[in-house]
There are 2 protein chains.
Amino acid sequence: MKPITVYDIAKEANVSVATVSRVLNNTAPVKKETRERINELISKYQFQPNALARSLSKKETGMIGIILPDITNPFFPEVLSGFDLEARKRGYTYFLCDTVSASVDSAEQYIRESQYLNALAEKQVDGIVMMGGRVDLAKPDAPLIEEVAEIGKRLPVLLVNGRLPKSGLNRVAVDERHGAELAAQHLIELGHRDIAIVGGFRHMSNTVQRTSAFMKKVEQSGFEVRKEWVLHGGFSVSSGTAFMNRLLELPKRPTAVFCLNDLVAIGVLKAAVKAGLRVPEDLSIIGYDDIPFASNSIPELTTVSLRTHELGRTAGEVLHQMITRSKVNKTTLLKPELVIRESTAALNKS
Amino acid sequence: MKPITVYDIAKEANVSVATVSRVLNNTAPVKKETRERINELISKYQFQPNALARSLSKKETGMIGIILPDITNPFFPEVLSGFDLEARKRGYTYFLCDTVSASVDSAEQYIRESQYLNALAEKQVDGIVMMGGRVDLAKPDAPLIEEVAEIGKRLPVLLVNGRLPKSGLNRVAVDERHGAELAAQHLIELGHRDIAIVGGFRHMSNTVQRTSAFMKKVEQSGFEVRKEWVLHGGFSVSSGTAFMNRLLELPKRPTAVFCLNDLVAIGVLKAAVKAGLRVPEDLSIIGYDDIPFASNSIPELTTVSLRTHELGRTAGEVLHQMITRSKVNKTTLLKPELVIRESTAALNKS
DNA sequence: ATGAAAGCGCTAACAC
DNA sequence: GTGTTAGCGCTTTCAT
């Protein structure tokens, strides 16, 4: 059986399609009587208007594309849920485009980003949100930027928690440097002087920024971070345990470690416990992100909250403004927050 | 500037739109020379065909809808990543529809499911995957079933890890009873006789099935589960700690606890540790799901793996078969696996 | 190998 | 308040 259309409804109601369209969209007054007649038919036949046809003529789809590197990383579902809130409120529906960074090298990942960018444009989405991938790079190659900038000319593109230098694209992000400073200050106030910095990737801007801001803060306090205690090269739990084990082999070990994300912090925690250290008595650990599980470890993780949900919410808001051509700030910066839990404590002098 | 269309390309190439369409879709032979001419124009103008228009006439969109209750629950990203794999391979793109069970009562959640069901149908998706929500109910109300069944007549609808009795809908799921049996057997083999069952909701089919299969297995082994040690009412970490605390108040305490999911297991673990119990020496804990963090707790969690990624993969496969009208089994059942880690140990007789 | 033209299902002038 | 009709941008017979 053929799906039923406005024409079918129109015919049976003895009106024109225009009128049916009018009641469907409530776009012009219709005599109450005929409107009711039409509505009855609509529910009688369970008529569902074809959104493709509608979008084709209205030139708006109510669809948004979200490109992210790995939905399996707990950070993203969290921002997604914030985004979802705003999107639903506005009647948007969104494509989830996962470039699966976890199982793919970065070149391949950028290719996937490009594919999705195109697919989304062809699907006529009203806007695109990008996070992770090239957007996280400290120094992305020009073509990588150019491509996105080009798409950004045709439709709203919003960068979340990253950026693309010279792209002119709007972004909403959490103040990286500020977060690192909060962490540094906390540790210093607790009396720590021997602090390691582990996790992240040197080629990513978040790593660069957090690391430099952290070190700067420490130096401003009159101390310094030893070079051999700065270990980059991973954002995973397993890399965290590797970092800690490396630290443990050094002649002198730090009394606190600043982890570039919570996953690494958990790895560090596991390795430390396995090595017989007590946390926080023997070693303070501080994470970054405040993913849900940060409060589920034992001890619970002290960490810098990116307020991910809020980040997503804001992104949803801003993107909608862009879509509706309201005035938007080029960059919206959120302030992170220090969440003190159980994995940090005053320096144990003994 | 207007977006460019096949007509623009056709005109400049001195051919008809039909020909342009032919090279675009490689749907009929085109003289090499003219094809090249067209392709040049396409890349010269960065022409992106309008997928809406295409879908409208082809009556297929390459879009899929996924309805799930809470992307923030680590279980779902995991199955999503498996699904994504298959979907991308086949060129599908999908809408993520989160009904946000976490912040909403269940009536509201079912309403959202209905809304998404309609929105997706209007968007002409090629198929729909549903998980959680009404699909998890032990005894869903008839209208809840009817609605989905109705949509299922118009387009492929696949239920993942749940079911809708009498709906006639296809499903792929993990064998609940088998998983519970594995857990029971493991604990019994370790010598445990005093076992608690905590977590889940009595109105959900997974809870009912796992609980009854577990108890049956224990009874078959000649023992039994005390009524007061069966605690339902939550799937969260915090409910887990509440359950454990409740257990701790009882005159006699179990030597092992079977948790209806990993989140609850983690809560139980936290409460146990806080109460001074050693895990697994004093108390064995076994979870369910094998979410990523199951291996990140200290001690690492013994659990029943739903092989979530595989579940998602299979769902992707099956849905595609449904879409392409290949033969499909009404229900595809996957076998769960016991993953023995550190949170269970032989009964400590002392 | 290519073109003409009729849809796909809906919206939006414009006319009455 | 309602109808007519021309799109929206592409695919697909049917001719040629």
Side-chain angles (χ1 to χ4, degrees), chain A residues 1-39 41-42 45-63 118-119 121-126 154-155, chain B residues 1-39 41-42 45-63 118-119 121-126 154-155:
Chain A
M1 72 190 187
K2 297 232 144 312
I4 104 150
T5 74
V6 278
Y7 283 96
D8 303 322
I9 302 286
K11 193 190 303 173
E12 190 162 342
N14 280 315
V15 298
S16 76
V17 289
T19 303
V20 176
S21 174
R22 290 190 183 102
V23 347
L24 236 30
N25 302 285
N26 191 28
T27 182
V30 170
K31 207 200 305 176
K32 181 172 181 192
E33 180 183 303
T34 77
R35 186 199 352 224
E36 282 170 355
R37 188 150 30 99
I38 291 175
N39 275 324
L41 290 171
I42 287 180
Y45 290 115
Q46 306 244 58
F47 169 58
Q48 300 183 306
N50 184 323
L52 293 179
R54 169 178 298 167
S55 298
L56 186 57
S57 73
K58 300 222 320 181
K59 287 169 166 330
E60 66 176 51
T61 59
M63 311 188 305
N118 279 308
E122 294 186 358
K123 291 221 154 67
Q124 313 297 121
V125 295
D126 290 340
R154 310 178 187 225
L155 65 143
Chain B
M1 74 193 187
K2 297 230 145 309
I4 105 148
T5 74
V6 278
Y7 283 95
D8 303 321
I9 302 285
K11 192 190 304 172
E12 189 163 340
N14 279 315
V15 298
S16 75
V17 289
T19 304
V20 176
S21 175
R22 290 189 183 103
V23 347
L24 236 29
N25 302 285
N26 192 29
T27 182
V30 170
K31 206 198 308 176
K32 181 172 180 191
E33 181 184 299
T34 76
R35 186 200 350 230
E36 282 170 354
R37 189 149 31 99
I38 291 175
N39 275 326
L41 290 172
I42 286 180
Y45 289 116
Q46 306 244 58
F47 170 58
Q48 300 183 307
N50 183 323
L52 293 178
R54 168 178 298 167
S55 298
L56 185 58
S57 72
K58 300 223 318 184
K59 289 170 164 329
E60 65 176 53
T61 58
M63 309 188 307
N118 280 310
E122 294 187 356
K123 292 222 154 68
Q124 313 297 120
V125 294
D126 291 340
R154 311 178 187 223
L155 65 144

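For clarity, every value in this text was computed on a predicted model and none was experimentally measured. Chain naming here is simple, since letters A, B, ... match the order of the sequence lines and numbering starts at 1 in each.
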Any chance you could lay out the side chain to side chain contact (heavy atoms under 4.5 Å, CB included) test for A/K123 and A/T61, step after step, and finish with the verdict? CA-CA 9 Å; A/K123 291 221 154 67; A/T61 59; over 6 Å; no

Stepwise side chain to side chain contact (heavy atoms under 4.5 Å, CB included) test for A/F47 and A/D8: CA-CA 10 Å; A/F47 169 58; A/D8 303 322; over 6 Å; no

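Atom CG in A/N25 sits about 15 Å away from atom C1' in C/dA13, given to the nearest Å. As a whole-Å value, the separation of A/F47 CZ from C/dG9 P is 10 Å. Distance A/K58 NZ to C/dG9 P: 19 Å, rounded to the nearest Å. A/R54 places its CZ atom 8 Å from the C1' atom of C/dC10, with the value rounded to the nearest Å. Look at CD1 on B/I38: it is 11 Å from C1' on C/dA1, rounded to the nearest Å. For the pair A/I42 CD1 and C/dC10 C1', the computed distance is 13 Å after rounding to whole Å. Taking atom CD of A/E60 as the reference point, atom P of C/dC10 lies 16 Å away to the nearest angstrom.
In terms of phosphate contacts, A/S21 brings no side-chain nitrogen or oxygen within less than 4.0 Å of OP1 or OP2 of C/dA12. Of the side-chain N and O atoms in B/K59, one or more sit less than 4.0 angstrom from OP1 or OP2 of C/dG9. Neither OP1 nor OP2 of C/dG9 sits under 4.0 Å from any side-chain N or O of A/T5.
For the side chain to side chain contact (heavy atoms under 4.5 Å, CB included) test with B/S21, the passing option among B/V23, B/N25, B/T19 is B/N25; the others fail.
Here the shortest heavy-atom pairing between A/Q48 and B/A121 reads OE1-CB, 3.3 Å. Scanning both residues, B/R154 and A/Y45, for their nearest heavy atoms gives NH2-O, 4.1 Å.
When DNA chain D is scanned 5' to 3' for any atom under 4.0 Å from a heavy atom of chain B, the first and last hits are D/dG9 to D/dT13.
Inter-residue side-chain proximity for B/T5 and B/N50 is flagged as unmet; no heavy-atom pair is nearer than 4.5 Å. Looking at A/P49 and A/R54, their side chains come closer than 4.5 Å, going by heavy atoms from C-beta outward.
Residues A/R22 and A/L56 both approach DNA chain D. Their nearest nucleotides, taken by heavy-atom distance, put A/R22 toward the 5′ side. If B/T34 and A/P3 are placed on DNA chain C by their nearest nucleotide, the residue sitting closer to the 5' end is B/T34.
Nucleic acid contact class of A/N14 (heavy atoms, under 4.0 Å, all strands): sugar-phosphate only. At a threshold of 4.0 angstrom between heavy atoms, the contacts of B/V15 are confined to the sugar-phosphate backbone, with no base atom among them.
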